[in-house]
Undergrad: 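Handing you a structure now.
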Amino acid sequence: MNSSGPNNCRLWPYEEARRLLERDGDGAREIVFEGGFGPSGLPHLGTMAEVLRPSFVRHAVRLIAPQRRSRLIVFIDDMDGLRKVPENVPERERVERYLGQPVSRIPDPFGCCESFSGHMVKLLRELLRPLHLEHELILSSEMYANGRFDPILRLVLEKYQEIIDLMVPTLRDENRAAWSPFLPICPSCEQVNSTRVIAHHPERGTVEFSCERTFGGSRPCGFSGERSVLGGQAKVQWKVDWAMRWRLFGVDYELYGKDLIDSARLSGQIVRLLGGTPPLGFPFEMFLDEEGRKVSKSVGRGVTVEQWQRYAPIEALKYFLFVNPRRARKLFLAAIPQYVDEYLEELRAYAAAKDEEKPLDSPLEFVLAPDSPRRFNSDLSFSLVMNVAAALGVSDRELMWNYLTRYDPAILADEDTRRMAEALLACALNFRRDYLEPALLPYEPQVQDRLIAQKLIDFLTTSPEASAREIETAIYDIGRALFPEKPGKVFQPLYRMIMQQDRGPRLGAFIRLATPQRVIGILERRLAN
RNA sequence: GAGCCGUUAGCUCAGGCGGUUAGAGCAUCUGACUUUUAAUCAGAGGGUCCCGGGUUCGAGUCCCGGACGGCUCACCA
């Protein structure tokens with residue numbers, strides 16, 4: 001075996017892929033990866049991680065065993081009853097009255113899709129599109145409705161008591177007596193959170209139930225009767241549902257948040273009752289905010305995918321989600337520039353390694369999409385671009401670009417570097433504009449500052465064609481006149497007036513590039529206040 | 001209380017299977033650039049690797065115990 005081959009790579013997806021391949025030896029069977037999405041809320045960073053990470057393992061499998069077929073299922077539980085209206089959807093009061101119904105039967109509060117979950121799935125597709133992942137979205141409601149789950153639902157009816165025996169010890173005392181693996185959908189009020197099973201009849205494929213349960217916003221209607229559990233008239237509860245999917249699709253590999261460790265253990269026992277084998281599991285850590293608290297989806301803490309995409313190239317996001325899934329990682333807005341710089345660093349290293357033909361053990365082997373820039377031959381960093389943005393203002397992208405290309409002409413030397421630099425610029429501008437700029441304190445020019453500004457305006461007005469050096473000299477002359485002992489003191493007030501910061505670029509060159517006219521305008525506005 | 005995960009510089013993090021003096025980036029400080037208070041360059045400081053035991057010639061790394069932090073222990077997915 002080649003010593004630089006995928007079998008010797010230590011990155012976690014390779015380790016996982018080897019674990020997976022060892023499990024069924026030389027089997028030629030298709031390997032099934034599963035990730036899940038609960039469409040009772042908007043997709044978020046965790047959703048993305050849940051699809052991305054198994055796809056990393058899948059990629060490693062392909063590198064190690066190229067002949068092995070595989071598929072990645074993203075299972076969408078749109079049969080779930082809505083328990084709470086998320087804070088970030090419109091028309092919340094309008095949605096309120098559908099609480100307790102499966103999300104696939106609730107109208108879209110955004111008004112553009114066929115259902116609540118339909119909308120969330122649309123958002124999910126949009127979220128996943130730029131990732132270029134090969135995957136299949138599978139809707140729970142369709143699987144139930146078209147009967148694909150029926151054979152296993154019958155099995156659940158047969159193993160009813162055994163499943164209950166497994167579950168009951170994990171429940172609170174007061175809930176033990178009433179628990180059932182089935183949740184029928186009430187034909188009268190359409191709620192799924194409101195039904196309670198009273199009896200089950202494996203031979204008829206039915207359960208008896210009454211609509212009397214108050215849970216997750218449900219308002220029981222009192223209906224009672226006997227209904228088939230097949231064909232989408234009932235669903236099974238979470239841990240049983242997970243087991244059912246594993247059984248039906250033959251899932252080999254599933255990543256989940258560590259909050260699901262206990263669920264996975266139980267579902268694993270259930271899937272054995274159903275004649276299946278639990279998949280290889282991989283619990284990953286949650287994301288933390290600046291204070292080290294768990295990032296919440298409903299509350300506005302943490303960083304949203306939209307923010308990521310606005311402030312960082314998509315590859316940097318993938319890179320972030322690649323690194324260290326077993327470690328809780330802090331993610332907050334102020335840390336984004338750092339993560340982007342980390343990615344750029346990795347990209348430079350990757351390009352260098354690529355030249356030596358040993359790119360396999362780089363995270364970028366997993367992160368780069370076909371259309372991603374694959375090298376970055378510039379020392380440009382997020383912080384550098386942001387500093388320049390601070391100086392040049394965020395409104396004029398062209399000016400910034402001119403400045404950067406003059407700063408480092410290598411940006412233009414190849415297509416990949418240029419595209420990456422453009423992305424970097426766009427992100428840094430967004431970050432600066434949204435996040436840093438609003439926090440800047442407006443500077444109140446003092447008497448002396450006004451004098452300095454006026455003198456500079458006069459000079460620039462009379463000598464609009466002055467060179468960078470001549471402008472620099474003129475500023476220094478102003479300084480010499482005012483502060484004979486330390487002429488350099490003239491600069492800070494100018495930085496403050498022009499760019500609201502204490503330090504900045506060499507002013508001569510800067511003013512030349514930004515054009516004297518523009519600087520005159522800025523100073524005059526400052527004086528007018 | 002039980003289980004899982006974590007704790008390395010001010011911050012974010014690296015440290016394959018134990019091996020020399022524990023690293024990086026950012027931040028901080030100093031200096032240089034014959035006209036800047038820099039975005040450049042050079043340099044510096046900064047660590048009880050959470051604590052205590054153990055195994056070992058040798059422990060940030062392995063084992064045991066403890067502290068601290070996070071999460072889970074729901075008819076939620």
Undergrad: Provide the distance between the two C1' atoms, one in rU48(B) and one in rG31(B), to the nearest whole Å.
TA: 33 Å
Undergrad: Run Leu139(A) and Val121(A) through side-chain contact (heavy atoms from CB on, under 4.5 Å) and show every step you take.
TA: CA-CA 9 Å; Leu139(A) 294 178; Val121(A) 171; 4.2 Å; yes
Undergrad: Do Leu380(A) and Leu425(A) have side chains that approach each other closer than 4.5 Å (heavy atoms only, starting at C-beta)?
TA: no
Undergrad: From the options rG6(B), rU35(B), rC4(B), select the nucleotide whose nearest atom is closest to the side chain of Tyr476(A).
TA: rU35(B)
Undergrad: Distance-only, no hydrogens or angles: does the Glu212(A) side chain make a donor-acceptor pair with backbone N or O of Pro220(A) under 3.5 Å?
TA: no
Undergrad: CD of Gln101(A) versus P of rA77(B): gap in Å, rounded?
TA: 16 Å
Undergrad: The side chain of Phe491(A) is closest to which nucleotide in this list: rU36(B), rU12(B), rA77(B)?
TA: rU36(B)
Undergrad: Of all the choices, rA77(B), rC75(B), rC5(B), which nucleotide is nearest to the side chain of Arg213(A) once you look at every atom?
TA: rC75(B)
Undergrad: Once pairs are restricted to Watson-Crick or G-U wobble with both distances under 3.5 Å, how does RNA chain B read as a dot-bracket string, [ ] for crossings and | for other-strand pairs?
TA: (((((((..((((.....[...)))).(((((.......))))).....(((((..]....))))))))))))....
Undergrad: With heavy atoms under 4.0 Å as the rule, sort Thr170(A) into base, sugar-phosphate or nothing.
TA: sugar-phosphate
Undergrad: If you find the nucleotide of RNA chain B closest to Phe320(A) and the one closest to Arg480(A), which residue's nucleotide is nearer the 5' end?
TA: Phe320(A)
Undergrad: Could you measure between the two C1' atoms, the one in rU12(B) and the one in rG53(B), and give it in whole Å?
TA: 32 Å
Undergrad: Which part of the nucleic acid does Leu260(A) contact within heavy-atom distance under 4.0 Å: base, sugar-phosphate only, or nothing?
TA: base
Undergrad: Expressed as a whole number of Å, how far does the P atom of rG65(B) sit from that of rU21(B)?
TA: 31 Å
Undergrad: Establish, for the pair Arg247(A) and Phe149(A), whether the NZ or CZ atom is under 6.0 angstrom from the six-membered ring centre and no further than 45 degrees off its axis.
TA: no
Undergrad: Tell me whether the side-chain N/O atoms of Arg327(A) come closer than 4.0 Å to OP1 or OP2 in rU7(B).
TA: yes
Undergrad: With respect to the side chain of Asn175(A), which nucleotide from rC5(B), rC75(B), rA77(B) is positioned closest?
TA: rC75(B)
Undergrad: Using ring centroids (six-membered ring only for Trp), state whether Phe56(A) and Phe33(A) fall under 6.0 Å.
TA: no
Undergrad: Ring-plane angle category for Phe491(A) and Tyr476(A), please: parallel below 30°, perpendicular beyond 60°, tilted otherwise.
TA: tilted
Undergrad: Does Glu472(A) get its side chain close enough to the base of rU35(B), under 3.5 Å, for a donor-acceptor pair?
TA: no
Undergrad: Base, sugar-phosphate or nothing for Trp179(A)? Non-hydrogen atoms, less than 4.0 Å.
TA: sugar-phosphate
Undergrad: Rounded off to whole Å, could you give me the CD-to-P distance for the Glu285(A) and rU7(B) pair?
TA: 10 Å
Undergrad: For the side chain of Asp262(A), counting heavy atoms from C-beta on, which of rC5(B), rG6(B), rC73(B) is nearest?
TA: rC73(B)
Undergrad: Looking across every strand, which nucleic acid part, if any, lies under 4.0 Å from Tyr339(A) by heavy atom: base, sugar-phosphate, or nothing?
TA: sugar-phosphate
Undergrad: What integer number of Å spans the C1' atoms of rG10(B) and rG54(B)?
TA: 34 Å
Undergrad: Could you work out which one of rC73(B), rU36(B), rU35(B) sits closest to the side chain of Tyr495(A)?
TA: rU36(B)
Undergrad: Mind checking if Arg196(A) touches a base, just sugar-phosphate, or nothing, with heavy atoms under 4.0 Å?
TA: base
Undergrad: Please pick, from rU72(B), rA74(B), rU37(B), the nucleotide with the shortest atom-to-atom distance to any side-chain atom of Arg172(A).
TA: rA74(B)
Undergrad: So which nucleotide from rC73(B), rG25(B), rU37(B) ends up closest to the side chain of Lys489(A)?
TA: rU37(B)
Undergrad: Starting from C1' on rA77(B), measure out to CD on Glu50(A) and report it in whole angstrom.
TA: 10 Å
Undergrad: Quickly work out the Met244(A) CE to rA77(B) P distance and round it to whole Å.
TA: 12 Å
Undergrad: Go through rU35(B), rC75(B), rA77(B) for me and flag the one nearest to the Phe215(A) side chain.
TA: rC75(B)
Undergrad: Is a side-chain donor or acceptor of Ser194(A) paired with a backbone partner of Ser218(A) at a separation under 3.5 angstrom?
TA: no
Undergrad: Which value, in whole Å, describes the distance between the P atoms of nucleotides rU30(B) and rC68(B)?
TA: 41 Å
Undergrad: Flag this pair as yes if the NZ/CZ of Arg53(A) is under 6.0 angstrom from the six-membered ring centre of Phe284(A) and inside a 45 degree cone about the axis; otherwise no.
TA: yes
Undergrad: What I want to find out is whether Arg19(A) reaches Glu22(A) closely enough, with some N-O distance under 4.0 Å, to be called a salt bridge.
TA: no
Undergrad: What is the distance from CZ of Arg469(A) to C1' of rC33(B), rounded to the nearest Å?
TA: 12 Å
Undergrad: How far, in whole Å, is rG6(B) from rC63(B) if one measures between their P atoms?
TA: 11 Å
Undergrad: Reading RNA chain B from 5' onward, which residue's closest nucleotide shows up sooner: Pro283(A) or Ser40(A)?
TA: Pro283(A)
Undergrad: Given the C1' atoms of rU28(B) and rG19(B), what is the spacing between them in whole Å?
TA: 34 Å
Undergrad: Figure out the NZ/P separation between Lys84(A) and rA77(B), and round it to whole Å.
TA: 15 Å
Undergrad: Work out how far the P atom of rG58(B) is from that of rA74(B), and round it to whole angstrom.
TA: 47 Å
Undergrad: Whole angstrom is fine here: how far is it from CG in Asp477(A) over to C1' in rU35(B)?
TA: 9 Å
Undergrad: Given Trp238(A), which partner from the list Asp80(A), Leu183(A), Leu260(A), Asp77(A) fulfils the side-chain contact (heavy atoms from CB on, under 4.5 Å) test?
TA: Leu260(A)
Undergrad: Just the rounded figure in Å: distance from C1' of rG3(B) to CZ of Arg265(A).
TA: 7 Å
